[in-house]
Protein chains: 2
Amino acid sequence: MKTATINDVAKQAGVSKKTVSRVINNEANVSEEMRAKVQKAIIDTGFKRNPLGMALAKNRSLFIALLTDNPSPGYLMKLQKGILQGCTEEHMGLFLYDCSYYSNSLLKEIEEFIDNTLVDGFVLAPPICDKLELLEMLNRKNIQYIRIGPSYKNQGEFVGLNYHKASYDVASYLIRLNHKRIGYVKGHPDEESSFIKEAGFKQALTDNKIELEDNLMAQGYYTYQSGKDAAALLLNKTPRPTAIFASNDEMAAGVLYEAQSRGIKVPQELSICGIDDISITTKVFPNITTYRHPLVNIGYRAAVLLINRLKNKQNSAPQGDSKNNEIFDGELVIRDSTAQLK
Amino acid sequence: MKTATINDVAKQAGVSKKTVSRVINNEANVSEEMRAKVQKAIIDTGFKRNPLGMALAKNRSLFIALLTDNPSPGYLMKLQKGILQGCTEEHMGLFLYDCSYYSNSLLKEIEEFIDNTLVDGFVLAPPICDKLELLEMLNRKNIQYIRIGPSYKNQGEFVGLNYHKASYDVASYLIRLNHKRIGYVKGHPDEESSFIKEAGFKQALTDNKIELEDNLMAQGYYTYQSGKDAAALLLNKTPRPTAIFASNDEMAAGVLYEAQSRGIKVPQELSICGIDDISITTKVFPNITTYRHPLVNIGYRAAVLLINRLKNKQNSAPQGDSKNNEIFDGELVIRDSTAQLK
DNA sequence: GTTTTGTTTGACACCGGTGTCAAATTGTGT
DNA sequence: ACACAATTTGACACCGGTGTCAAACAAAAC
């Protein structure tokens with residue numbers, strides 16, 4: 001019942017282990033005759049390469065891990081799903097590691113994780129993908145990574161949404177609905193995406209000749225609670241904003257709750273929208289207007305890119321020598337939380 | 001910069017590799033003097049055991065994987081978080097594998113995953129934990145597993161919530177609020193938990209001398225949409241139920257949405273509650289009354305149990321020889337979606 | 001036909017650990 | 001003091017692959 005090893009295949013085909021290894025790895029300089037003979041033996045014996053033996057010999061496990069902090073469940077689930085798809089397609093396992101951005105033993109914990117698993121690649125989800133010390137540590141240890149998120153200090157490759165267009169489009173939509181007093185809930189100040197989204201929002205106001213009112217900008221941290229808190233602030237202003245644009249859906253849901261708990265009718269008295277299109281937007285009442293973030297696809301591409309880099313990288317070149325960044329577009333998804341202002 | 005190997009330690013301590021190995025593995029029959037000498041060398045060299053070498057030699061990777069289908073994001077996130085905690089504590093990596101219950105190549109895909117990663121243990125989340133063919137396949141391949149969920153055909157160890165008490169307590173609470181026409185949304189018919197919860201619900205009615213009305217029982221599948229659909233059915237009955245108890249929170253959220261989209265005021269005109277206490281219950285308005293399912297803790301215990309079993313199981317004893325099942329209690333969490341019936 | 005070059009193949013050591021078994025050391029009984 | 005058992009240690013093969021290098025062979029150049 002034990003699976004066949006490379007030795008079994010070699011014996012069966014009457015060749016050396018090394019030749020079998022050559023065939024498995026599709027190396028050049030193997031005669032067609034040999035290749036065919038070995039391939040037959042591989043099928044006959046039901047051989048499966050043992051990834052551990054390979055990893056030990058090559059000193060590269062090809063295992064990768066998804067490193068997450070702890071953002072919104074909906075965001076993470078979609079991303080994870082895509083990454084998993086990519087890994088499965090590439091016949092690769094995916095490790096998970098959850099850490100906390102502000103832990104001061106963060107780097108040590110991650111190093112320990114690396115030692116325990118010998119992963120040689122990471123997919124870095126936000127916000128952890130914007131932690132410079134971490135990126136530097138990975139560079140130092142020559143561990144490959146790919147970031148989910150926008151360009152950040154020219155570190156590594158990334159896959160992400162065009163956030164500028166996203167927030168620009170959402171804001172423009174609100175403006176088309178005749179909203180002029182638009183509250184904005186910013187993203188986490190440590191994340192690069194926050195600034196890009198904010199710039200897109202402001203651009204939309206400028207392009208439509210709407211004056212930016214600083215006191216309609218509230219700080220958020222991409223969490224539900226922070227959205228709620230920001231909404232509380234914004235809804236106390238007089239005159240009240242007629243719309244609130246939260247820079248992600250998790251916060252938009254918080255805004256919606258806060259409005260409803262004050263008896264403010266959405267969308268009749270307040271329009272609300274977010275960015276991401278995570279599952280909660282279609283589970284609350286009313287469903288939230290948002291901007292579709294192709295997270296599953298983004299995760300998928302990130303995994304595939306990373307794995308291919310690992311497979312090709314026989315000689316360990318330094319990080320980010322060839323930047324195949326991929327930037328995705330999304331689209332506005334109009335639901336029931338926004339309405340035309342009379 | 002390369003980490004020290006067992007050879008380095010041996011040289012440093014002036015002993016054989018094997019002796020170092022003995023110390024690492026805490027084997028008996030090592031003199032105190034040796035042990036101390038080796039331990040010092042381990043520290044001096046900064047030695048870290050290479051898990052791949054170990055796995056290859058022992059033919060046991062000690063890696064485990066979380067096998068999920070695709071239930072509610074909130075449920076999975078909490079579970080995953082706990083499992084991850086357990087793994088990290090035990091210095092173990094966690095693989096993720098997402099599959100689909102109804103795929104007819106399911107077993108083949110999982111076998112391929114096992115070949116690709118050489119995991120030797122699985123945490124099985126619902127609903128996949130109730131798939132008999134899978135359990136049999138794992139038994140056959142002598143791969144350890146632990147199930148998240150109630151006892152099922154005496155297969156393997158499990159960790160889970162006392163569902164009978166959960167639904168009994170929730171139903172009793174609704175009854176104390178004076179509700180008598182209580183709609184019930186059942187769980188997925190393929191999952192063992194559904195029947196246990198249903199039994200608890202019925203028991204509460206019986207104990208309180210309330211007649212069970214069959215047409216107030218609607219089939220659900222533990223998904224948001226199925227909760228919404230079931231609610232549509234139940235809310236069309238006349239007289240309308242005054243409360244709906246969905247057997248998980250994901251469905252309860254669906255019920256809430258359906259009620260609100262019909263303009264039914266919750267909790268004034270309809271009380272709603274669920275089971276699990278996943279994050280969505282505190283993100284919708286009003287917050288949903290539920291029964292706390294200590295999912296993080298359950299995941300944690302599952303991981304720890306499984307890993308310890310693997311570590312101890314030098315000789316591969318058959319599955320489930322010693323059943324250390326753990327059943328957790330939860331508690332009723334009263335929020336804003338339920339109210340006293342006048 | 002001989003030398004030079006290029007391709008194909010296998011022997012062997014090695015990656016970093018563990019299992020087996022025998023040798024060396026220590027302890028016990030008489 | 002001796003024979004014998006129990007404990008402690010190390011030599012060596014092995015887990016399942018890959019890298020290096022030289023040997024065997026074929027093709028091209030002289």
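Within every chain, numbering begins at 1; the chains are lettered A, B, ... in the order of the sequence lines, protein sequences first and strands thereafter. Remember, predicted model here, so these are calculated numbers, not experimental data.
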Task: Electrostatic pair A/Lys48-B/Glu112, nearest N-O below 4.0 angstrom - done: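 No, A/Lys48 and B/Glu112 are not salt-bridged.
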Task: Presence of salt bridge, A/Asp120 and A/Arg60, under 4.0 angstrom - done: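 Here A/Arg60 does not pair with A/Asp120 in a salt bridge, since their nearest N and O are not under 4.0 Å apart.
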So does [X] get a side-chain nitrogen or oxygen closer than 4.0 Å to the phosphate oxygens (OP1/OP2) of [N]?
X	N	result
B/Asn29	D/dT7	no
B/Ser21	C/dT18	yes
A/Asn7	D/dG16	no
B/Thr19	D/dG10	yes
B/Thr5	C/dG16	no

Could you list the residues that satisfy ring pair (Phe, Tyr, Trp, His ring centres under 6.0 Å) with [X], not counting sequence neighbours?
X	value
B/Phe158	none
B/Phe122	none
A/Phe113	A/Tyr97

- [ ] Provide the closest heavy-atom pair for B/Leu56 versus A/Leu52 in the form atom of the first, atom of the second, distance.
- [x]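 Answer, listing the atom of B/Leu56 first, then A/Leu52: N-CD2, 4.3 Å.
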[X]: which residues meet the side chain to side chain donor-acceptor pair (under 3.5 Å) condition with it, sequence neighbours left out?
X	value
B/Gln80	A/Gln80
B/Thr68	B/Asp98
B/Asp44	B/Lys40
B/Glu136	none

Task: Nucleic acid contacts of residues 33-44 of chain A, taken as heavy-atom distances under 4.0 Å to DNA chain D - done: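 Heavy-atom contacts with DNA chain D come from no residue of residues 33-44 of chain A; none.
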TODO: Test side chain to side chain contact (heavy atoms under 4.5 Å, CB included) on A/Gln144 and A/Asn142 and set out the steps.
DONE: CA-CA 6 Å; A/Gln144 303 294 314; A/Asn142 193 32; 3.9 Å; yes
- [ ] For B/Val20, report the nucleic acid contact type (base, sugar-phosphate, nothing); a contact means any heavy atom under 4.0 Å.
- [x]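 Contact class for B/Val20: none.
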Task: Sequence-aligned protein contact record of nucleotides 20-26 of chain D, with B where the base is within under 4.0 Å of a protein heavy atom and S where only the sugar-phosphate is - done: B------
- [ ] Please list, by residue number, the residues of residues 45-56 of chain A whose heavy atoms come closer than 4.0 Å to an atom of DNA chain C; answer none if no residue qualifies.
- [x]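 Nucleic-acid contacts, sorted: A/Leu56.
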Open item on the list: So if I take the C1' atoms of five pairs at each end of the helix from C/dG1-D/dC30 to C/dT30-D/dA1 and get each local axis, what angle do the two axes make, rounded to 10 degrees?
Closed with: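 Axis angle across the helix from C/dG1-D/dC30 to C/dT30-D/dA1, nearest 10°: 40°.
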Open item on the list: Under a 3.5 Å threshold, yes or no: a donor from one side chain and an acceptor from the other, between A/Tyr152 and A/Glu191?
Closed with: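 Short answer, no.
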- [ ] Assess whether side chain to side chain contact (heavy atoms under 4.5 Å, CB included) is satisfied between B/Asn325 and B/Ser151, documenting all intermediate values.
- [x] CA-CA 9 Å; B/Asn325 300 326; B/Ser151 175; 6.0 Å; no
Open item on the list: Taking the nucleotide of DNA chain D with the nearest heavy atom to each, does B/Ala57 or B/Gly14 sit closer to the 5' end?
Closed with: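 It is B/Gly14, whose closest nucleotide lies nearer the 5' terminus.
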Under 3.5 Å, sequence neighbours excluded: what are the donor-acceptor pairs made by side chains of residues 128-135 of chain A?
{"unit_1": "A/Asp130", "atom_1": "OD1", "unit_2": "A/Arg147", "atom_2": "NH2", "d": "2.8"}
{"unit_1": "A/Asp130", "atom_1": "OD2", "unit_2": "A/Glu192", "atom_2": "N", "d": "2.7"}
{"unit_1": "A/Lys131", "atom_1": "NZ", "unit_2": "A/Tyr101", "atom_2": "O", "d": "2.7"}

TODO: Let me know the distance between CD1 of B/Ile6 and C1' of C/dC14, rounded to the nearest Å.
DONE: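 Whole-Å distance recorded here is 16 Å.
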Open item on the list: Given the structure, check if the side chain of A/Lys17 and the base of D/dG17 hold any donor-acceptor pair shorter than 3.5 Å.
Closed with: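 Pair found.
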